[in-house]
Amino acid sequence: MKWLRFAGQYISTGINPGDGFKVVTNIRMSNQFSTMPLFGARSSGSASTASFNMFYTNTFVVDHYEAKMQPDYGGSGSAATLPIDFSTLPGGEKMIFSIEFGKTTKVNGVEWTSPTDNVATPYPILVGSISNGASADTRKMFADVSDFIIYNASGDVVFNGVPVPTGSTEYSVTPAPSNCYWDLVSGSYKVQSGGTGVVWYDDEDDDLAEENSTTLQGVDYGLKVLAEGDENTAYMNSKYPLFGADISSPASQFKTYEFTLTGFNAEPSPPFPAYTYDGNFYQGSGVTERTAYTIDTGLGGSTVKSVIVQNSEIDNSVFYGRAREQLFNSGTGDNINSLLNPKSKTALAASPWSTLYLADGSTGDIQGIVSLGTGTSIAKYDTLADFNGGTLDAYYFTQPKVTVKIDAAGILTVKTSVPYNWIQRAFIIGSTTYRARWRDWIWYQGVTIRVTVLNTPYVIE
Amino acid sequence: MDPSRYMERTLRDRGDYGLKIARKGYDLLFAADNQLLYNSAFPVLQIVEFITDDTDWEVVSTGSYTFWSDFNGNTLTRWKHSMRRLHGLGHPPMIAPLTASGWTSVDKNISWNLKYIYYEKTFITETEYNAFISSDAPTGTFVVFNIDIDTDVEYPYVDDGIDTEWGQKYDYGIKHLLTDDVNSMDPADLGLNANVQSMLVVAVKVATIEDKNRNIYLPAGIDPEKLSPFSYIKQTNGRWIMGGVSIQAVSGYRPAVPAAGINYYTLDGQYFAPKCSLVLVRLPMLSSDKTNASFNM
């Protein structure tokens, strides 16, 4: 489909709407958060006595936006709203709306019939904006419009605009002066009539390949298995090697390693600064990383591999935390160096997950535990000697991690990281000296990670 | 689950023709699928080619172009390198990256249709463009598989893997020579080679924008835990790109999570594009050697 793309510009069709008129077009747009005039004309601004126009609206309702197409056919108060759901689309991704606008309007098949007929105005139908009486609506439209066809009450086409790029001679020996419509009815170009910037052109059909364009390459011998009912498609062609493991290899080329995390290796050693006796809390966070396991898979040689990494579920039952409090208070006589368990904990949950990676030689670091969500995990502690007011809630924005890697020599390495937080405070008041250091950390225990490696015999030259 | 959302079953018949070779020790007449060395009906994963930084491409266009800002309609100068490569398969193939990040960071510079593979990269600055060109336009590494991602099909080959004695030498079988040396067993010299036990496609499911809510695929006869999904999206210009896992916004598909009671896949790329394809791949019918270990974090 060919499109004219608008971002505040508009084109006048030169056609004034009469009663019974109809527009047929397609509009392609991403989610927009403002009201946009799409096309049409009305006798004045808001509350027009006659209107033949269409808006896009998006209003904030309680806690979310509601996007709608708003056909406004007839006098004031005849506007309808046809809801659109952009909510699940990736940002910037566009939807295409097939629009028939008239007494009965259809947007992607959803219908609405206007109760009134008073649409005739002495102002032209604009594309990319609307005529508010003699002037164009000043709000910008950000959307693409395909062919734009206007029918009169008799069903005759009175305007049939097809998008053309600058310089096109597809419809006339006179090159198109800009990206614009060529009106098949009047045989003339309809160019940008207002707005800053320029109208753009997009032809998304320009590289569509034709069916039956198969080009068979390579050897003229071998074996094929054709797809049922389609002699042009070989779903097996013996000239192509198989992605798999060679069983004539002397050692297994297909191995599974299952790792179970059993606890934390060593208490983290945060980079506590020297004590500053000012009463302030100093704090920070970090991770302790280590190589937890290595094994020679015997699958070296820079071959192409398939690696499936799977993790079991992450929930509170496998989520652990611990803290160490060190506190000296000469006034109270406290001299504490104790490990503490949390009174409650909440993991950032993650589903059991499986991902297949294809790798050439070294895999690089692969996440052993996949957490699709983002957020925090929490461990809550009762502290000793009223440190931090007696309780401390430790938040973790970084979660315990496991990465696996198989290098070109076939060595499988598992690395782990344990996140931690630390707090330090010290002061001297009179004869009382107070020093406190706190560290807390989290880990997983009982989680399994399975790595399945299939080694192909192929090396990419 | 609303039954109207289940995708139509498109199970391919096993057929009564073709070529089968039994593994040593098995009688071909009675051999199960996992006792075969080769079966021409198996939906094997065949490597058409590896695309690397050294692959030859046809440069379609390169240099500066006029970029239109859809924010204000102003035009700017930007740079683009656009190239293509004939794959000659007659159907859009399955293409996968050979990187550790793989499906967690989809490369949208690569796209393809039933004839060509395209690699297009745009640059905001001329310096970036020049650096790319002076590095011989590196693309990264991909593998192209001879799988038609545009045809909805399911296959009945779901047997578990069985134990295998490695290092077996067969004095029978089938191999396709890509060399004059008929004795060669070098994988680089061979196309089809029955000694290579292939990964298999269990299903290719295609959802369309015309019937976008018919998008639930429930695998039959095999636990989703044994399947690896690859998602693809057909754009309005006819080219396919890689899809991703949908976390919040739709990106391609939502995975089956059997341990959480979700035994089906949900295709969703067709909510913003004409088609969405999900290729489900399984490991060969071999059992793997297993090693268990436990350690502290």
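Remember, it's a predicted structure, so these values are computed and weren't measured experimentally. Chain letters run A, B, ... following the sequence lines, proteins first, then strands; residues in each count from 1.
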Please lay out, stage by stage, how A/V304 and B/V143 fare under the test side-chain contact (heavy atoms from CB on, under 4.5 Å). CA-CA 10 Å; A/V304 173; B/V143 57; over 6 Å; no
I need the minimum non-hydrogen distance between [X] and [Y], along with the two atoms involved.
{"X": "B/N193", "Y": "A/L242", "value": "O-CD1, 3.7 Å"}
{"X": "A/P457", "Y": "B/P187", "value": "CB-CG, 3.3 Å"}
{"X": "B/Y170", "Y": "A/I247", "value": "CE1-CD1, 3.9 Å"}
{"X": "A/Y293", "Y": "B/T291", "value": "OH-CG2, 4.4 Å"}
{"X": "B/F295", "Y": "A/V414", "value": "CZ-CG1, 3.6 Å"}
{"X": "B/L89", "Y": "A/Y240", "value": "CD2-OH, 3.4 Å"}

Chain A contact via B/Q235 - which portion, at a heavy-atom distance below 4.5 Å: neither
Heavy-atom distances under 4.5 Å only: say whether B/A188 touches chain A with side chain, backbone, both or neither. neither
Please indicate whether A/D296 has more than 12 foreign heavy atoms, meaning atoms of other residues, nucleotides or ligands, lying under 6.0 Å from its CG. yes
Are more than 12 heavy atoms from other residues, nucleotides or ligands located less than 6.0 Å from atom NZ of B/K108? no
Any chance you could measure [X], atom [atom1], to [Y], atom [atom2], to the nearest 0.5 Å?
{"X": "B/T236", "Y": "A/K94", "atom1": "OG1", "atom2": "NZ", "value": "9.5 Å"}
{"X": "B/N195", "Y": "A/S248", "atom1": "CG", "atom2": "OG", "value": "4.5 Å"}
{"X": "B/N237", "Y": "A/M1", "atom1": "CG", "atom2": "CE", "value": "13.0 Å"}
{"X": "A/M236", "Y": "B/Y38", "atom1": "CE", "atom2": "OH", "value": "3.0 Å"}
{"X": "B/K290", "Y": "A/K255", "atom1": "NZ", "atom2": "NZ", "value": "13.0 Å"}

Side chains of A/T256 and B/S288: any donor to acceptor distance under 3.5 Å? yes
Given the rule in the side-chain contact (heavy atoms from CB on, under 4.5 Å) test, do A/L356 and B/M199 qualify, once you have shown the distances and angles that lead to the verdict? CA-CA 12 Å; A/L356 184 149; B/M199 294 175 70; 3.5 Å; yes
Walk me through whether A/F254 and B/L283 qualify under side-chain contact (heavy atoms from CB on, under 4.5 Å). CA-CA 10 Å; A/F254 186 28; B/L283 291 164; 3.8 Å; yes
Mind telling me whether B/F50 and A/Y458 have parallel, tilted or perpendicular rings, with 30° and 60° as the class edges? tilted
Hey, mind stepping through A/N265 and B/M297 against side-chain contact (heavy atoms from CB on, under 4.5 Å) and telling me if it holds? CA-CA 5 Å; A/N265 183 60; B/M297 291 191 75; over 6 Å; no
